[in-house]
Amino acid sequence: MAGGTVVSRASGLIRQVLQAAALGTGLLATTYNTANTVPTSLYTLLIGGALNAVLVPQLVRARATHADGGRAYEQRLVTLVVSVLAVGTVLAVWAAPEIVSLYIRDTPKEHEAFRLTVVFARFLLPQIFFYGLFAILGQVLNAREKFGAMMWTPVLNNLVLVAMFGVYLGMMTVPHSVADVTGTQVRWLGVGTTLGIAVQALALIPFARAAGFRFRPRFDWRGAGLGSGVHAAKWTLLFVLTNLVALTVVTHYANAADTQLPTAGVGYTAYSYAQTIWMLPQSVVTVSLVTALLPRMSKAAAEGRIGDLRADLSRALRVSGVVIVPAAFLFTALGPDIAALLFAHGAADAATAQPLGHMLQAFGLGLIPFSAQYLLLRGFYAFEDTRTPFFMAVWIAVVNIALATACHQLLPAWSVTGMAGAYTVSYFAGLVLTARLLARRTGGRLDDGTLRGTYAKLLCAGGGGAVAGWAAARSCAGVLGDGTAGAILTTTVGTLALALVYLLLAKMLKAGELRRIPGLG
């Protein structure tokens, strides 16, 4: 699974670099990226949160307890999901202008950007259906403990997008402003982006069939046992809605920064690129662990083996921390160098990549509580408790929105960088409360001293590595100039220095979890 995720994220990184070269990091890119955020957000709001958090335990239980191995339950569930997605997609395309207005204002000054975002959205909103199809087929596979296909098929999407942006760069004139974008360019980007998601979803069909799933539409939902899932999903819907409110506020503020400085790279596109890079380690390590552990934890909870559930969570936190902690310090120490290496090309340059690098630094250490929070919430989901995660989401969103608003009002030149820092602080606040509530839910603390000891060692090693990496990178700054060659040198030297010192200190401090990561023991 981790291998598939690594390839998927690596190809996704190539796609993002090409996207930045084609569209830059300013207002033009923000119209596309904002429109591309809308289908993801609406899919998650419609049914995505329920699929990820609620339905795997439901499917596992149905397969274990139903006489037919859960086959009829699966067919009813897939029929319900596909029906909701189809109706929701049609309504979303129809209401595209109203939806986009939540993210960017339609004023005389911003009208061109608003209009282009709406046009992009009409091409991209059909992704809602294919996101959902991918998710439900993936969960059917996960319930059968078949995890590989869901990790590898996103590579197909990335290959489609890499080809799309490659052709765009090679055959079309790169526009310098919103007004320069042609209808052909919009259609190429819109159709190509949606096609990638469609290929990703449809590629799961043969894997689902090979695993024994046969789809037959069934609309006899009443009295079929779906009620408990729907009841649990209402809290997940509120959880998702809370997160979307926070995302919408931040996106609105970040788009305002792009409108004020359309070519400076200080707004939403820079924020979203920095956040995507920042989340890569969590996507590779933590998500892979959770995908494998959730069915197992759900079974442990159903059988009353709460001690085993706590042990699984504690072990996952320790093992993931071996990679997550140094990655967080890497972004904090070398954010501008990484940004220049990846994004100072084509329509973007070193000057517009620098704000993105500062945002990456502001996100930096937040990777640790973000990853831990993601893991701990799965402890509640194993009990089919979706109510508590909702209240956690409200707490995190309130802190995030309050701090983001303060940044928007008080830091005009650095507002979006401040918002990245606000995101970090909100997850530290959320983690403290989540750990306490989960200890109460499981009847005991996850930590018997081992977990705190492990993280103390990892943080010391990561901090020492960050200092060494920053110093090594700064010693090389300017040797090969400020272009790509210089960024390669500083990033490579800084990363190697950080990794070496981190590993040495972690071994000196006897961080035993290092042995669980292949190649690091």
Side-chain angles (χ1 to χ4, degrees), residues 12-13 15-17 19-21 23-38 40-41 44 100 102-105 110 113 117 120 243-283 328 331-332 335-336 338-340 342-344 347-349 351-367 370 396-397 399-427:
L13 181 60
R15 181 261 302 169
Q16 194 167 54
V17 170
Q19 179 179 334
L23 303 178
T25 58
L27 181 59
L28 172 60
T30 291
T31 61
Y32 171 84
N33 286 320
T34 300
N36 209 21
T37 298
V38 173
T40 309
S41 300
T44 307
V100 169
L102 297 174
Y103 297 90
I104 186 170
R105 296 181 299 173
E110 299 162 332
T117 306
F120 271 130
N243 286 330
L244 286 181
V245 169
L247 173 63
T248 301
V249 171
V250 170
T251 303
H252 186 80
Y253 289 155
N255 280 335
D258 267 323
T259 303
Q260 293 297 319
L261 298 168
T263 61
V266 296
Y268 176 68
T269 288
Y271 181 94
S272 62
Y273 286 174
Q275 191 176 50
T276 300
I277 299 301
W278 171 75
M279 290 177 65
L280 280 174
Q282 190 260 1
S283 301
F331 296 139
T332 304
I338 295 170
L342 296 178
F343 299 109
D349 55 28
T352 57
Q354 280 303 297
L356 194 159
H358 295 313
M359 293 175 201
L360 192 53
Q361 288 180 306
F363 277 121
L365 295 180
L367 185 64
F370 180 78
I396 292 171
V399 174
N400 190 23
I401 290 172
L403 293 176
T405 301
C407 292
H408 178 67
Q409 297 292 335
L410 303 175
L411 303 172
W414 290 82
S415 62
V416 183
T417 302
M419 291 177 207
Y423 195 84
T424 289
V425 173
S426 68
Y427 271 91

Completion exercise
In this structure, CZ of Phe120 is separated from OG1 of Thr31 (nearest 0.5 Å) by 5.0 Å
Exercise for the section: Kindly indicate whether the side chain of Ile104, heavy atoms from C-beta on, has any atom under 4.5 Å from the side chain of Asp258. Expected result: no
Exercise for the section: Start with the C-alpha gap between Phe363 and Tyr427, add the side-chain angles, then the distance that decides, and say whether ring pair (Phe, Tyr, Trp, His ring centres under 6.0 Å) holds. Expected result: CA-CA 11 Å; Phe363 277 121; Tyr427 271 91; over 10 Å; no
Exercise for the section: Could you walk me through whether Thr117 and Tyr103 pass side chain to side chain contact (heavy atoms under 4.5 Å, CB included), step by step? Expected result: CA-CA 10 Å; Thr117 306; Tyr103 297 90; over 6 Å; no
Problem - Side-chain heavy-atom pair Trp278, Phe370 within 4.5 angstrom cut-off - result: yes
Handout entry: Non-hydrogen side-chain atoms of Ile401 and Val245 separated by less than 4.5 Å
Key = yes
Handout entry: Nearest heavy atoms of Gln361 and Thr332, plus distance in Å
Key = NE2-O, 3.1 Å
Problem - Gln19 CD to Thr276 OG1 distance, which is reported to the nearest 0.5 Å - result: 9.0 Å
Exercise for the section: Could you name each residue pair satisfying side-chain hydrogen bond (donor to acceptor under 3.5 Å, both in side chains) that touches residues 414-425, not counting sequence neighbours? Expected result: none
Practice task
Using atom types as modelled and distance alone, determine if a side-chain donor or acceptor of Asn400 lies under 3.5 Å from a backbone N or O of Ser426.
Solution key: no
Exercise for the section: Considering non-hydrogen atoms only, spot the tightest contact between Ala422 and Leu403 and give its length. Expected result: CB-CB, 3.4 Å
Practice task
Could you tell me whether the side chain of Asn255 and the main chain of Thr30 form a donor-acceptor pair under 3.5 Å?
Solution key: no
Exercise for the section: Specify the closest pair of heavy atoms between Gly364 and Ala328, including all atoms of both residues, with the distance to one decimal. Expected result: O-CB, 3.4 Å
Practice task
With the side chain counted from C-beta on, respond yes when Pro355 and Val416 share a heavy-atom pair under 4.5 Å apart, and no when they do not.
Solution key: no
Handout entry: Polar side-chain atom of Asn36 near backbone of Tyr32 as donor-acceptor pair, under 3.5 Å
Key = no
Practice task
Determine the minimum heavy-atom distance between Ala339 and Leu356, stating which atoms define it.
Solution key: CB-CD2, 3.9 Å
Exercise for the section: Would you please say whether a donor-acceptor pair under 3.5 Å links the side chains of Tyr253 and Thr405? Expected result: yes
Practice task
Look only at the side chain of Ser272 and the backbone of Thr269, and say whether a donor-acceptor pair between them is shorter than 3.5 Å.
Solution key: yes
Handout entry: Spacing of Gln260 atom CD and Leu27 atom CG [to the nearest 0.5 Å]
Key = 11.0 Å
Problem - Nearest non-hydrogen partners of Ala404 and Val250, listed with the distance - result: CB-CG2, 4.2 Å
Exercise for the section: Please report the shortest heavy-atom distance between Leu360 and Ala274, naming the atom on each side. Expected result: CD1-O, 3.5 Å
Problem - Verdict with supporting geometry, Tyr273 and Leu342, side chain to side chain contact (heavy atoms under 4.5 Å, CB included) - result: CA-CA 10 Å; Tyr273 286 174; Leu342 296 178; over 6 Å; no
Exercise for the section: Using the side chain to side chain contact (heavy atoms under 4.5 Å, CB included) rule, take Phe343 and Ile277 through it: C-alpha gap first, then chi angles, then the decisive distance, then the call. Expected result: CA-CA 11 Å; Phe343 299 109; Ile277 299 301; 4.1 Å; yes
Handout entry: Value rounded to 0.5 Å, distance of CE in Met419 from CD in Gln275
Key = 12.5 Å
